[in-house]
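Here, residue 1 is the first one in the sequence, and each next residue gets the next number. Since we're looking at a predicted model, the values are computed, not measured.
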Amino acid sequence: MKKIMIRSFLFLCCLLWLQVPGMATAAEKQAEMAFLPFTINSAKDMSYLSEGLRQMLSSRLSAEAGIAVVDSGKVDAALKAAGETFSADKAAAFTKKLGADYLMYGSVTELGGGMSFDAKVYSAAEGTSKTFYATAPSEGEVMSAIDSLSWDVAATIFNKDRPAKYAAVRAQESVSAKPYETAHPDRTYRKSGGYYGGASSKWIDGGQRFVKTSNIDLAMEAMAIGDVDGDGLMDVVMADRRQVTVYHLNNNRLNEFAKTKLPARYKIHAVNVADLNDNGRAEIYISAADSKTPGSRGVEWSGTELVTLFDHAPFYIRPLMVPGLGTILGGQKAGKDAKAIGGPMYSLLQDGKKLVVDERLPLPESLVIFNLSIGDLDGDGDWEIVVLDEFSKLRVMESGGKMLWKSQDSYGATKRFVGGEDLLKRPTSRDYDEMSDGKGEQFLKIWVPSRIIIKDMDQDGIDDVILNKNSSTLTSVVRDMQKFPSGIAMGLKWNGLGLEEIWQTKRIDGYVVDYELESEHLKTADGEDSLYVGVVTQSGFMNMVTGDSSTLLIYPFKAKTEGIDQ
């Protein structure tokens, strides 16, 4: 019933907008704009919005900017002729084929009851695209968001004066951008009957709601946050398979300002930031490998661009907090006996443009550098190791390697891995048996789980654990075929016998790729923090139009030391 009402409302708005006065006269030369159907990123069936949004935007811009609209049938025919696929790099050719001056395309993302609208307008004359973004925290604000988006385009592309009422809203948003928000994870969990056991009498609390950033046309493999350019503000680092891009976070918009690209042979499986050289700018540490050996890179902002600190390093790398040493650059080499990664872990130092071993770390050789974090979970002054094993089970170990606890549930599963088959060199003989022939075992995969964050979030003197749980369509037996339609982030605390969940976010429709805490990189107010969660959105109807896109969710937290207020 609710869906029918929304569809009817949108349809009526389309009819009204088609009758808006102010169209350009026939004597005026009109710029022509083509509109592609918008991609819908949602677990729900919202396919009706794809065409409805195209009609609304085309009608509104025709009225507001005096443009001529390329017939949607002609656009759809061209899209079908192109194999029903479209990506940003095809914008120039597609616009030329349609004989248009401009091309608009984009996506709608539904999360937590709200929507965000991400649009791009390609200009044939300039050969570039401009990005536009609007949010609707609830379904009742969808029309206002679309109206705001259309005036953004009319004002920016066509220099049309925005009406006073929209200018006022725009000025207000420039000071404090109206975020795309949903209920705060802690409060949502309590209201939904979530269990808060006796692990702690202190709680993470706050009435805030998460903020969603603009979407980025990128199939995210990893993300990180930190002050990359040294201006005291948080920057966002996102990596796809081969490229790392850095963004300024301006209100809730991501604005690209730097990037670095790796050779085709390497695939990125982890990216981290840390100011290990203590110069006020966080370096970016990129762990990458081909099917057999690592080839990692470190870069740093020079003031104008990213410069290489080291390259093709023969280590899997990540900044790692080790008791007694502080945060160091940890490294591990390619393994033996058919393992892509294995053996001792080391602290690494930069020698010229190379990484060299400083000392061996006091960690069990059975562990993988991406699968662990270290902290004091019981407040006794000794450190424990929290590990995600090859079956996505969570383990707690003493520093010497003795097992203290293992979870029944699975956590931290991702699509990232190191190793794997080298298709260019794979044996073709039918008699070849990968399990018995030693030549094939070098290609066995090791899965890289989500990061494990350890921090005293509720300020009770005992470290908490933050990680994620991605729901999977298949079991771990067939990891290669898994899909992750949704996930959550959660906090756990040691109760004396094991780790128990004390809070979790509302379900996130999409693949939860990575996450980080703001306080790990910038000083925050006492008891306040933000969790940044990187998500690959879940595409539904018309997902062939723009391909994968990623976004960032920001959850504000505040430590509360008194009892819970229900």
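- Between K493 and D463 no salt bridge is recorded (no basic side-chain N to carboxylate O distance below 4.0 Å).
- Pairing each heavy atom of T537 with each of T109, the nearest pair is CG2-CG2, 3.9 Å.
- A salt bridge is defined here as a Lys NZ or Arg NE, NH1 or NH2 lying under 4.0 Å from an Asp or Glu carboxylate O, and D509 with R507 meets this definition.
- Salt-bridge annotation for E501 and K469: present, with a side-chain N of the basic residue lying under 4.0 Å from a carboxylate O of the acidic one.
- Between F370 and W447, the ring centre distance reaches or exceeds 6.0 Å.
- Every residue meeting the side chain to side chain contact (heavy atoms under 4.5 Å, CB included) condition with A282, not counting sequence neighbours, appears here in chain and number order: V273.
- Looking at heavy atoms from C-beta onward, M397 lies in side-chain contact with V387 at the 4.5 angstrom threshold.
- Within a 6.0 Å radius of NZ in K333, no more than 12 heavy atoms belonging to other residues, nucleotides or ligands are found.
- Residues D229 and R281 are not paired through a salt bridge, judged by the lack of any N-O separation under 4.0 Å between the basic side chain and the carboxylate.
- A donor-acceptor contact under 3.5 angstrom links the side chains of N272 and R451, judged on distance only.
- The side-chain tip of K506 does not point at the ring of F210 from less than 6.0 angstrom away and within 45° of straight on.
- Using modelled atom types, one finds a donor on one side chain and an acceptor on the other under 3.5 Å when comparing N468 with S450.
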